[in-house]
J.: 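First the structure, then my questions, so here it is.
All values reported here derive from a predicted model rather than from experimental measurement.
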Amino acid sequence: MILIRNLKEKIGAEVSLQGWAWNVRGSGKIKFINFRDGTGFVQVVVPADDVSPEVFEVVSRLTQESSIKVSGKVVANKRAPSGVEVLAQNVELVSPTKDYPITPKEHGVEFLMDLRHLWLRSPRQQAIMRIRHVIIRAIRDYFDDLDFTLVDSPIFTANECEGSTTLFSTEYFGEEAHLSQSGQLYAEAACMAVGKAYCFGPTFRAENSNTRRHLTEFWMVEPEVAFMDLAGNIELAQGLIQQIVRRVLDLCAQELAVLKRDLAPLEEVIAGEFPQVTYDEAVEILRAEGVDFQWGDDFGGGDETIISGKFQRPVVVTHYPTEIKPFYMKKTPKNPKTVCNMDILAPEGYGEIVGGSQREEDYEVLLAALKEDGLNPEDYKWYLDLRRFGSVPHSGFGLGLERTVAWICKLAHVRETIAFPRLPHRLYP
C-alpha cells in the first residue's frame, strides 16, 4: 500500500490505496471519489468502461465515509490540489456507512463538537492536526539541536505555580493533590542538574473562562536554562517561534492552502528581530488609543490586540509590575516595582503565546516573596533547596501550544487546535 502524500513520486505507476470515501459525484458513465487516507485527499476517477459492472455498481452506491480499497494508475493533474489523480482499476468496499451525521452543509459548532470524533475527518480539521504535529516536531528539534535535555514534570503536584484560584484538586491516597498548572518549578530543578532542560506536556487550569483563547487542558513547552538572564531568555524564545513558523511554511503549504491562510504575516515573522517594549511603553500605547488603563493592571485580550497591532511581528513586552506576577520572578534590580519578565504577543490579535522571566535565585528574597504571597514555605521546601545548594541565575518561559497553533492557522477559537478540547462546559467526547 502507498500513501496519498507520496503519490507524486508514483506518476505512471499502478498503486494500491486504502482509506475512506469522503464523497462521490458524477454522471451515469463516470464517477469521481474524493478519497482520503489520513495523509491527504486525492480524486479517484472511475469510468464505467474501465472497470467491471460490479465495481461500478459498488462505487455508485458508496456512502460518505465508507471505507474502501482502491487500485489504479497515478496520473498527473495540475488542477488537483495534490497534483495527481488516480484512474481506478478496482474499488473494494470494506465497510459501508449509513446516515453519516456530518453532511456537506453548514452545521452549528455545538453539533460539531458533540461529534468531534467524526469532525476530525474533515479536510480542515485534518489540516490543523497535521500543522500541530509539525509544530511539535519543530519544538522538539529546536531544543534537541541546542543540547537541551527533556525532563518530564509530574502531572500530580502538591504545589501551586500560577495561583490557587485555577487549581484542579483531587484526593491522592489520603492527601490533597492538584493537576499541574505548569511544569516550570520542576524544570528549574532539572536545569540545575543538566544545565539546559525542557518539559513538554499537558497542563491544567480550572479557569471558568469561555473566551476564544482558553482551554482547561492544554499543552505547554517550558525550557529552563542555568546561567541565563532575561536577554538570553528573549533570544531563546524568539528563535523557537521563528523555527516553528519557518518549519510550517516549509512543510505545510497544502494544509495552509486548505485553511486559506494568508502567508504574508507568517513570512514577516521570520524576516527579522522581534520588537521590544516595556510594560510602561505598552501602557502608553493603550492610552494613546483612548484606553483608560491604570498602571499596575494586567493586560486583557483586547489590550494585547491593540499593543500587538502596532507591530508586524510578534512583540516582546517586558518588566511588568511585581504585584501582578508570581513570587518566583526576579525583581528588576534598579526598579523593584517591576520584574525581569517578558511576554511575547502574537500579531493578528492572538495575544500572549509566550510568558517567561528570569527566576529569583536568592534564597532569602524568594522566601520573603513566598510569604508575601501567603504561601506556606514548608510546601515549597524542595523548591527553596534549589537556592540553598548551588543557586545560579537562571531563566525560562512557557509557550502555549494551542494558542500558537491557533495563531499560525488563523483560527477563530482554540477549540479546533487540539483533537479533543476540554472547555469549562465540555468534557465529551
Side-chain angles (χ1 to χ4, degrees), residues 152-172 175-188 199-224 279 296-304 317 320-329 339 341-346 350-357 359-360 366 369-380 382-383 396-407 413-415 417-418 420-428:
D152 296 314
S153 59
I155 289 176
F156 287 120
T157 177
N159 303 112
E160 66 181 75
C161 184
E162 297 297 330
S164 60
T165 59
T166 62
L167 285 170
F168 282 109
S169 299
T170 184
E171 190 273 334
Y172 190 80
E175 60 180 307
E176 187 179 46
H178 313 292
L179 297 183
S180 175
Q181 299 168 312
S182 165
Q184 176 207 314
L185 304 188
Y186 297 97
E188 286 187 58
C199 60
F200 194 1
T203 54
F204 307 87
R205 304 280 172 91
E207 187 174 2
N208 191 12
S209 177
N210 293 284
T211 76
R212 67 187 183 95
R213 298 179 180 180
H214 287 87
L215 294 168
T216 58
E217 176 185 325
F218 58 97
W219 283 67
M220 189 154 59
V221 59
E222 298 175 276
E224 291 287 332
Y279 173 90
D297 291 344
D298 205 355
F299 300 130
D303 301 323
E304 291 177 345
V317 184
Y320 283 61
T322 303
E323 293 298 320
I324 61 173
K325 288 300 176 182
F327 68 92
Y328 52 76
M329 291 188 178
V339 290
N341 83 304
M342 58 91 177
D343 284 351
I344 299 183
L345 311 182
Y350 282 88
E352 179 194 341
I353 54 172
V354 166
S357 73
R359 317 309 189 186
E360 179 52 62
L366 184 62
L370 272 167
K371 292 177 178 178
E372 286 175 12
D373 273 15
L375 300 172
N376 184 358
E378 280 300 308
D379 293 337
Y380 292 85
W382 70 269
Y383 186 64
F397 63 83
L399 176 139
L401 177 60
E402 284 73 22
R403 285 191 182 182
T404 303
V405 174
W407 160 49
H413 198 291
V414 290
R415 62 183 160 229
T417 63
I418 189 169
F420 298 99
R422 292 294 173 254
L423 299 155
H425 307 291
R426 168 68 59 181
L427 195 58
Y428 176 93

J.: Measure the CG-CH2 distance between Leu401 and Trp219 for me, rounded to the nearest 0.5 Å.
T.: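 If we round to the nearest 0.5 Å, Leu401:CG and Trp219:CH2 are 8.5 Å apart.
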
J.: Is there a donor-acceptor contact under 3.5 Å linking the side chains of Thr157 and His178?
T.: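 Checked: Thr157/His178 side chains show no N/O donor-acceptor pair below 3.5 Å.
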
J.: Give me the atom names and distance for the closest heavy-atom approach of Ser153 to Gly183.
T.: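 Of all heavy-atom pairs spanning Ser153 and Gly183, the closest is OG-CA, 3.5 Å.
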
J.: Mind checking ring pair (Phe, Tyr, Trp, His ring centres under 6.0 Å) for Phe397 and listing every partner two or more places apart, or none if nothing turns up?
T.: none

J.: Can you name the salt bridge (Lys or Arg N to Asp or Glu O under 4.0 Å) partners of Arg403, sequence neighbours left out?
T.: none

J.: Which is it for Asn210 and Leu423 under the side-chain contact (heavy atoms from CB on, under 4.5 Å) test, yes or no, and what are the steps along the way?
T.: CA-CA 8 Å; Asn210 293 284; Leu423 299 155; 5.7 Å; no

J.: For His214 versus Ser209, what's the shortest heavy-atom pair and its separation?
T.: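 Heavy atoms of His214 and Ser209 come nearest at ND1-OG, 3.3 Å.
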
J.: Hey, could you give me the OG1/NE2 distance between Thr211 and His413, rounded to the nearest 0.5 Å?
T.: 6.5 Å

J.: How would you list, by chain and number, every residue that makes a side-chain hydrogen bond (donor to acceptor under 3.5 Å, both in side chains) with Arg426, sequence neighbours excluded?
T.: Glu110, Asp114

J.: Between Cys161 and Leu185, is a side-chain contact (heavy atoms from CB on, under 4.5 Å) present by the stated rule, with each step listed?
T.: CA-CA 7 Å; Cys161 184; Leu185 304 188; 4.0 Å; yes

J.: In sequence, state the C-alpha distance, the side-chain angles, and the governing distance for Val414 and Phe218, and then conclude on side-chain contact (heavy atoms from CB on, under 4.5 Å).
T.: CA-CA 10 Å; Val414 290; Phe218 58 97; over 6 Å; no

J.: How about Tyr328 and Leu370: do any of their side-chain heavy atoms sit closer than 4.5 Å?
T.: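 No. Closest side-chain heavy atoms not under 4.5 Å.
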
J.: List the steps, then state whether side-chain contact (heavy atoms from CB on, under 4.5 Å) holds for Ile344 with Met342.
T.: CA-CA 7 Å; Ile344 299 183; Met342 58 91 177; 4.0 Å; yes

J.: Taking ring pair (Phe, Tyr, Trp, His ring centres under 6.0 Å) as the test, write out the residues that go with Phe156, two or more places apart.
T.: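 Phe156 satisfies ring pair (Phe, Tyr, Trp, His ring centres under 6.0 Å) with Tyr172 only.
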
J.: Going by side-chain hydrogen bond (donor to acceptor under 3.5 Å, both in side chains), name the residues that satisfy it together with Asn159, two or more places apart in sequence or in a different chain.
T.: Trp382

J.: Quick one: list whatever passes side-chain hydrogen bond (donor to acceptor under 3.5 Å, both in side chains) with Asp343, sequence neighbours left out.
T.: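 Tyr320.
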
J.: Hey, are Glu188 and Tyr383 close enough side-chain-wise for a donor-acceptor pair under 3.5 Å?
T.: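 Present: a donor and an acceptor within the cut-off.
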
J.: Run the ring pair (Phe, Tyr, Trp, His ring centres under 6.0 Å) test against Tyr380 and tell me which residues pass, sequence neighbours left out.
T.: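 By the ring pair (Phe, Tyr, Trp, His ring centres under 6.0 Å) rule, Tyr380 matches Phe327.
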
J.: What distance separates Ile324 CD1 from Asp297 CG, expressed to the nearest 0.5 Å?
T.: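 Between atom CD1 of Ile324 and atom CG of Asp297 there are 7.5 Å.
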
J.: Test your reading of the model: is there a side-chain donor-acceptor pair from Thr216 to the backbone of Arg422, 3.5 Å cut-off?
T.: yes

J.: What pairs meet the salt bridge (charged side-chain N to carboxylate O under 4.0 Å, His left out) rule with one or both residues in residues 207-218, with sequence neighbours excluded?
T.: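 Residue pairs with at least one partner in residues 207-218: Arg213-Glu304.
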
J.: For Tyr279, give me all partners under side-chain hydrogen bond (donor to acceptor under 3.5 Å, both in side chains), at least two apart in sequence or on another chain.
T.: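 Tyr279 satisfies side-chain hydrogen bond (donor to acceptor under 3.5 Å, both in side chains) with no other residue.
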
J.: What pairs with Pro154 under side chain to side chain contact (heavy atoms under 4.5 Å, CB included), at least two apart in sequence or on another chain?
T.: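 Applying side chain to side chain contact (heavy atoms under 4.5 Å, CB included) to Pro154 gives Tyr186.
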
J.: Side-chain contact test, heavy atoms from C-beta onward, threshold under 4.5 Å: evaluate it for Ile155 versus Pro202 and give yes or no.
T.: yes

J.: Taking side chain to side chain contact (heavy atoms under 4.5 Å, CB included) as the test, write out the residues that go with Pro421, two or more places apart.
T.: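 Pro421 satisfies side chain to side chain contact (heavy atoms under 4.5 Å, CB included) with Met113, Arg116, Leu215, Arg415, Ile418 once adjacent residues are dropped.
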
J.: Using every non-hydrogen atom in the two residues, find where Asp373 and Pro326 come nearest and quote the distance to one decimal.
T.: OD2-C, 4.4 Å

J.: Any chance the side chains of Arg359 and Ser357 put a donor and an acceptor closer than 3.5 Å?
T.: yes

J.: If you round to the nearest 0.5 Å, how far is CE of Met220 from OG1 of Thr404?
T.: 11.0 Å

J.: Who pairs with Glu402 by salt bridge (Lys or Arg N to Asp or Glu O under 4.0 Å), at least two apart in sequence or on another chain?
T.: Arg132

J.: Which heavy atom in Arg205 sits nearest to a heavy atom in Ser182, and how many Å separate them?
T.: NH2-CB, 4.3 Å

J.: Which pair of heavy atoms, one from Asn341 and one from Met329, lies closest together, and at what distance?
T.: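 Looking at all heavy atoms of both residues, the shortest contact is CB-SD, 3.7 Å.
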
J.: Are any non-hydrogen side-chain atoms of Gln181 and Leu167 less than 4.5 angstrom apart?
T.: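 Counting from C-beta outward, Gln181 and Leu167 do come under 4.5 Å.
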
J.: Evaluate whether atom CD of Glu378 has more than 12 neighbouring non-hydrogen atoms of other residues, nucleotides or ligands under 6.0 angstrom away.
T.: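 No, CD of Glu378 has 12 or fewer neighbouring heavy atoms, counting only those of other groups under 6.0 Å.
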
